[in-house]
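Everything quoted here is computed from the prediction, not taken from an experiment. Throughout, protein chains are lettered first and strands after them, A, B, ... in sequence-line order, and every chain is numbered starting at 1.
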Amino acid sequence: MLDVPAVLGGDRRALARLLTQIENGTAAAEAALAELYPHTGQAHLIGVTGPPGSGKSSLVNQLALCLRRGRAAQGGLPARAPASVAVVAVDPSSPFTGGAILGDRIRMRDLAGDPSVFIRSMASRGSLGGLARATGDVVKALDAAGFDKILIETVGAGQSEVDIARAAHTTLVVEAPGLGDDVQAIKAGLLEIADILVVNKSDLPGAAAAVRALRASLDLAHPAARRWATDSTGHHGPALGSVVARPEPEAGAGPWWVPPIVATVAIESQGLETLLDAIDQHQAHLRATGELARRERERLAHELESRLRDQLLAELRDRLGPLALDAALNQVAAREKDPGSAARELAAQALRL
Amino acid sequence: MSETESKLRVLVAKPGLDGHDRGAKVIARALRDAGMEVIYTGLRQTPEMIAEAALQEDVAVVGLSILSGAHMALVPRVLALLRANGLDDVRLFVGGIIPDEDVPALKAMGVAGVFGPGASTGDIIAAVRASVAGQTS
Ligand SMILES: Nc1nc2c(ncn2[C@@H]2O[C@H](COP(=O)(O)OP(=O)(O)OP(=O)(O)O)[C@@H](O)[C@H]2O)c(=O)[nH]1
Ligand SMILES: [Mg+2]
């Protein structure tokens, strides 16, 4: 029923149906993914995360437009070939009903009608890290289908989003002034995962302060940054589209990547070329330093381990049967046994069977 | 990979040029609260955009909110484009201000259900569910 050759051949309907099966975790999808896997590993995976309403979808829309257009070499900047683009946009599922409103497409209407763009909305389906459980496999299918760039927009959670850092090659953290909360407050979890910091809505008051706050926290988080960071503008406002703090290209040949801060106005498509240059530079950095292979390996190690855990758990459940699990649960609920001991005993029992 | 519950995916779209999408949002929220995954695309969708989104999102159901009176022009266009995309099995519902006398014609075209301003969200949810009952994608 799932037509793998059609997916590889660029059939959008076949791709869309496969993505549904992947989301539903069917056996057919599993078989298809096994066939598709050798064709993966080609796309550049770009994560877009940040607090709700910071403009992630609007930026994805603009990034995709620029990527589709490409660019001729100009003013010392290299040419960029037009790329095909897939977008995966994740929104939260209701924990109570399991339903979801997936609204990211509202901001992506400029991409309609382009056969080299494919947008897919996903509900998080109970997963907490900003992505859905199936997002990684959906990305694999899009990768195998031949998209050059895959933009992955997370749920706008603003915290604990290691998942996206692991799933993507290049992670953009999108901030904006005037979201009500102190820019300072988000730093903890998000800053470490940022390969590129974007201050969107730079048309609004407070943008310069946001850039300053981010740069200050960046200096703390990346002590090495101080050696290489340069303020090319020399003044304090966020020069639109300027890379405010980036490593000198020569110094950047070292192992350190200092996240640049890029100011954008997504609704007026300002700063987008600079942002894409930063993304290109990051990709080049990943390749030049071997970091790409290292991240890839780490991601795969993590995936292998979590699949192994799922397999083992399923096998364990199978061997023990519902009665044994239920009996153990009763003992735990009655405080006759602690959960740790119960789990140890069940595992030991299952492995003996 | 373990089999998870499959969700009913619905596209709620607002074609045409008329101004507000309050009704469409009410329906989108009601369907979400009924456990469905609702792709909401906002105002001023062309029939082409609607068919394209239905294809990419692989929805089982499309709901159109039409207040402009242009339903007799928009609906056949959306249906034709859905078919052109191979989406013959997608169920199309129409809500908004639709005169009673147009309903038989819309149904004859292949519309699964028509709901006026007075329809209860409970009726709409039930109709959407019934339209896909027994369907295996
Ligand atoms: N002033 C201004 N508004 C912007 C800019 N970019 C986006 N917006 C507006 O900010 C609002 C939120 O934009 P989205 O792109 O939906 O933000 P998001 O981060 O994807 O939101 P969630 O997915 O809900 O977390 C919309 O009303 C946009 O029009 C910008 O550069 N300047
Ligand atoms: Mg969004």
Side-chain angles (χ1 to χ4, degrees), chain A residues 1 11-31 33-34 86-87 89 91 93-94 96-109 111-115 117-126 132-134 136-137 307 310-311 313-314 317, chain B residues 1-15 21 24-60 81-90 121 125 128-129 135-137:
Chain A
M1 182 191 51
D11 180 330
R12 295 154 78 78
R13 172 117 171 90
L15 175 61
R17 299 183 76 136
L18 169 61
L19 299 188
T20 304
Q21 299 282 323
I22 291 174
E23 284 200 272
N24 295 342
T26 65
E30 214 167 338
L33 281 166
V87 174
D91 271 323
S93 298
S94 157
F96 304 110
T97 66
I101 291 187
L102 313 175
D104 293 313
R105 286 185 89 100
I106 296 173
R107 311 276 167 223
M108 303 183 190
R109 48 184 300 136
L111 306 175
D114 184 340
V117 173
F118 191 100
I119 305 170
R120 181 69 174 219
S121 312
M122 285 185 88
S124 63
R125 298 197 181 179
R133 207 178 132 83
D137 284 336
R307 294 212 189 242
D310 290 351
Q311 287 289 331
L313 190 62
R317 277 186 202 284
Chain B
M1 188 152 64
S2 56
E3 180 119 13
T4 53
E5 193 193 349
S6 74
K7 290 277 173 193
L8 186 48
R9 287 170 68 84
V10 181
L11 176 71
V12 172
K14 179 84 186 63
D21 60 351
K25 280 181 174 158
V26 169
I27 298 303
R29 276 194 287 268
L31 296 176
R32 174 203 53 196
D33 293 344
M36 301 177 199
E37 291 182 352
V38 182
I39 292 97
Y40 187 69
T41 49
L43 291 166
R44 301 209 172 94
Q45 299 287 302
T46 64
E48 285 77 10
M49 291 164 94
I50 292 166
E52 183 183 45
L55 176 112
Q56 294 177 355
E57 302 288 356
D58 190 31
V59 293
L81 287 165
L82 287 174
R83 286 184 189 127
N85 277 338
L87 304 175
D88 310 71
D89 51 354
V90 170
T121 53
I125 291 162
V128 166
R129 282 217 181 99
Q135 199 182 37
T136 46
S137 74

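Looking only at heavy-atom pairs under 4.5 Å with chain B, the residue among A:G113, A:A314, A:A134 that has the most is A:G113. If you tally non-hydrogen atom pairs under 4.5 Å between each of B:I39, B:V12, B:V10, B:L8 and chain A, the highest count goes to B:I39.
When heavy atoms are compared at a cutoff of 4.5 Å, B:R9 approaches chain A solely by way of its side chain, counted from C-beta outward. With a 4.5 Å cut-off on non-hydrogen atoms, B:L43 touches chain A through its backbone but not through its side chain. A:V117 touches chain B through its backbone: at least one of N, CA, C or O sits under 4.5 Å from a heavy atom, while the side chain does not. The contact between A:D114 and chain B is made entirely by backbone atoms, counting heavy-atom distances below 4.5 Å.
By the 4.5 Å heavy-atom criterion applied to side chains, A:I101 and B:R29 are counted as neighbours. Within the 4.5 Å cutoff, the side chain of B:E57 has no heavy atoms near those of the A:L19 side chain. You'll find the side chain of B:D58 reaches within 4.5 Å of the side chain of A:R120, heavy atoms only.
Under the 4.0 Å criterion applied to side-chain N and carboxylate O atoms, B:D88 and A:R13 are not assigned as salt-bridge partners.
Of all the heavy atoms in A:T97 and B:D33, the pair that sits closest is CG2-O, 3.3 Å.
The side-chain contact (heavy atoms from CB on, under 4.5 Å) test applied to B:Q56 returns A:R12, A:R105, A:F118, A:I119, B:E52, not counting sequence neighbours.
The CG atom of A:L111 sits 9.5 Å away from atom CE of B:M49, with the distance rounded to the nearest 0.5 Å. Rounding to the nearest 0.5 Å places CE of B:M36 at 13.5 Å from OG of A:S94. To the nearest 0.5 Å, atom CZ of residue A:R17 and atom CG of residue B:L55 are 10.0 Å apart. Taken from CE in A:M122 to CD in B:E37, the straight-line distance is 8.5 Å, to the nearest 0.5 Å.
Panel note: side chain A:R109, backbone B:G42; no donor-acceptor pair is recorded below 3.5 Å.
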